[in-house]
Amino acid sequence: MTDATIAELEGKIPTLLAAMEMQRRRIADVERAAIKPLTPLAAAVLDLTTQIQNEAVGEVEVALAALAPAFAKLIAVDQIQAATLGKDFPVPAGSVVPFKGFMVVQGTAKGIHERFRPAELEDRALLVAADAISAPIISQIKGK
């Protein structure tokens with residue numbers, strides 16, 4: 001390149017920079033104009049999706065609450081064994097020792113996000129329900 005060409009190009013730099021800035025402003029104006037119509041749409045979509053999500057959360061809570069009776073039975077097994085056999089007992093040949101229901105239930109229930117976990121799956125509620133199942137069985141086994 002010649003010195004004259006370089007000088008000519010350097011002279012155009014301020015004009016080109018100003019043109020680029022003008023284009024950036026135009027782009028920003030267009031982006032702002034595009035956002036305005038989206039605001040009411042965004043509000044409507046967010047309202048709709050929140051409603052759908054809340055309904056789903058309610059359905060999940062109901063479904064999970066339906067597990068409470070089965071979970072209580074699993075805990076009741078632990079209570080029956082502890083009350084009638086104690087901690088250490090001989091296991092007869094061919095017998096299967098049930099797993100620790102409370103540990104499994106507690107781990108499962110605690111693994112459910114608090115947003116979905118119904119009150120029926122809280123430890124206290126499950127223990128009360130398990131007591132109602134195990135108490136008459138324990139009494140019967142002990143002959144009371």
Side-chain angles (χ1 to χ4, degrees), residues 1 5-6 8-144:
M1 276 200 207
T5 306
I6 293 173
E8 180 185 339
L9 291 174
E10 285 179 346
K12 291 182 180 181
I13 289 175
T15 305
L16 292 172
L17 288 174
M20 286 175 55
E21 183 57 34
M22 187 183 310
Q23 290 301 325
R24 283 191 193 103
R25 280 192 236 122
R26 286 181 181 163
I27 290 169
D29 290 344
V30 169
E31 287 174 344
R32 277 192 298 278
I35 289 173
K36 287 181 184 174
L38 285 178
T39 301
L41 174 64
V45 168
L46 291 173
D47 288 346
L48 174 65
T49 54
T50 298
Q51 179 184 350
I52 293 168
Q53 187 178 56
N54 288 341
E55 289 172 6
V57 168
E59 292 167 4
V60 169
E61 286 175 345
V62 168
L64 291 173
L67 295 173
F71 280 3
K73 286 180 187 177
L74 294 172
I75 295 169
V77 168
D78 291 352
Q79 293 172 333
I80 294 166
Q81 282 183 327
T84 58
L85 300 176
K87 280 186 170 185
D88 298 315
F89 54 89
V91 177
S95 293
V96 177
V97 179
F99 58 87
K100 297 295 181 192
F102 183 75
M103 290 174 56
V104 172
V105 167
Q106 188 179 43
T108 303
K110 296 295 182 214
I112 298 168
H113 192 280
E114 65 185 41
R115 183 171 294 227
F116 297 124
R117 192 178 327 126
E120 293 88 346
L121 296 186
E122 295 299 329
D123 287 350
R124 183 73 189 129
L126 289 171
L127 288 170
V128 168
D131 287 344
I133 295 167
S134 66
I137 296 170
I138 294 167
S139 294
Q140 185 178 8
I141 290 171
K142 288 185 171 183
K144 295 181 182 178

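Quantities reported herein were computed from a predicted structural model and do not represent experimental measurements. Basis for what follows: all heavy atoms, side chains included, without hydrogens, waters or symmetry-related copies.
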Colleague: If you take all heavy atoms of I141 and T84, which pair is closest and at what distance?
Modeller: CG2-CG2, 3.6 Å
Colleague: Can you name the side-chain contact (heavy atoms from CB on, under 4.5 Å) partners of S95, sequence neighbours left out?
Modeller: V91, P92
Colleague: Supply the atom-to-atom distance R24 CZ to M20 CE, rounded to the nearest 0.5 angstrom.
Modeller: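 Spacing of CZ (R24) from CE (M20) equals 4.5 Å.
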Colleague: Can you list every pair that meets salt bridge (Lys or Arg N to Asp or Glu O under 4.0 Å) and has a residue in residues 85-103, with sequence neighbours left out?
Modeller: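 Those involving residues 85-103 do not exist here.
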Colleague: Looking only at heavy atoms, which two atoms of P118 and A65 are closest? And how far apart?
Modeller: CG-N, 3.6 Å
Colleague: Using every non-hydrogen atom in the two residues, find where P136 and A132 come nearest and quote the distance to one decimal.
Modeller: CD-O, 3.3 Å
Colleague: Which pair of non-hydrogen atoms, one from A72 and one from A130, has the smallest distance, and what is that distance?
Modeller: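 It is O-CB, 3.4 Å.
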Colleague: So, using salt bridge (Lys or Arg N to Asp or Glu O under 4.0 Å) as the criterion, who are the partners of K110 when residues are at least two apart?
Modeller: D123
Colleague: Run the side chain to side chain donor-acceptor pair (under 3.5 Å) test against Q79 and tell me which residues pass, sequence neighbours left out.
Modeller: D131, S134
Colleague: Hey, could you give me the CG/CD distance between L46 and Q53, rounded to the nearest 0.5 Å?
Modeller: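 Nearest 0.5 Å value for the CG-CD distance: 10.5 Å.
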Colleague: For T5, give me all partners under side chain to side chain donor-acceptor pair (under 3.5 Å), at least two apart in sequence or on another chain.
Modeller: T2
Colleague: For the CG atom of N54 and the OG1 atom of T49, what is their distance to the nearest 0.5 Å?
Modeller: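 It is 9.5 Å, given to the nearest 0.5 Å.
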Colleague: With sequence neighbours excluded, what pairs up with E59 under the salt bridge (Lys or Arg N to Asp or Glu O under 4.0 Å) test?
Modeller: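 Per chain and number, E59 pairs via salt bridge (Lys or Arg N to Asp or Glu O under 4.0 Å) with no residue.
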Colleague: How would you list, by chain and number, every residue that makes a side-chain contact (heavy atoms from CB on, under 4.5 Å) with T108, sequence neighbours excluded?
Modeller: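 Partners of T108 under the side-chain contact (heavy atoms from CB on, under 4.5 Å) test: F71, V104.
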Colleague: Please walk me through it: do F102 and L126 pass side chain to side chain contact (heavy atoms under 4.5 Å, CB included)?
Modeller: CA-CA 9 Å; F102 183 75; L126 289 171; over 6 Å; no
Colleague: Ignoring hydrogens and angles, tell me if any N or O in the side chain of K73 forms a donor-acceptor pair with the backbone of I133 under 3.5 Å.
Modeller: no
Colleague: Just how far is it from atom CG of L64 to atom CG of L121, taken to the nearest 0.5 Å?
Modeller: 6.0 Å
Colleague: State the CD-CD1 distance between Q140 and I80, to the nearest 0.5 angstrom.
Modeller: 10.0 Å
Colleague: Output all residues satisfying side-chain contact (heavy atoms from CB on, under 4.5 Å) with P98, sequence neighbours left out; order by chain, then residue number.
Modeller: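 Per chain and number, P98 pairs via side-chain contact (heavy atoms from CB on, under 4.5 Å) with V77, Q81.
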Colleague: For R25, enumerate each residue passing the salt bridge (Lys or Arg N to Asp or Glu O under 4.0 Å) test, keeping only those at least two apart in sequence or located in another chain.
Modeller: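 Residues passing salt bridge (Lys or Arg N to Asp or Glu O under 4.0 Å) with R25: E21.
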Colleague: Restricting to side-chain contact (heavy atoms from CB on, under 4.5 Å), what partner residues turn up for V62, sequence neighbours left out?
Modeller: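 Residues passing side-chain contact (heavy atoms from CB on, under 4.5 Å) with V62: none at all.
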Colleague: What salt bridge (Lys or Arg N to Asp or Glu O under 4.0 Å) pairs are there with at least one residue in residues 111-122, not counting sequence neighbours?
Modeller: R117-E122
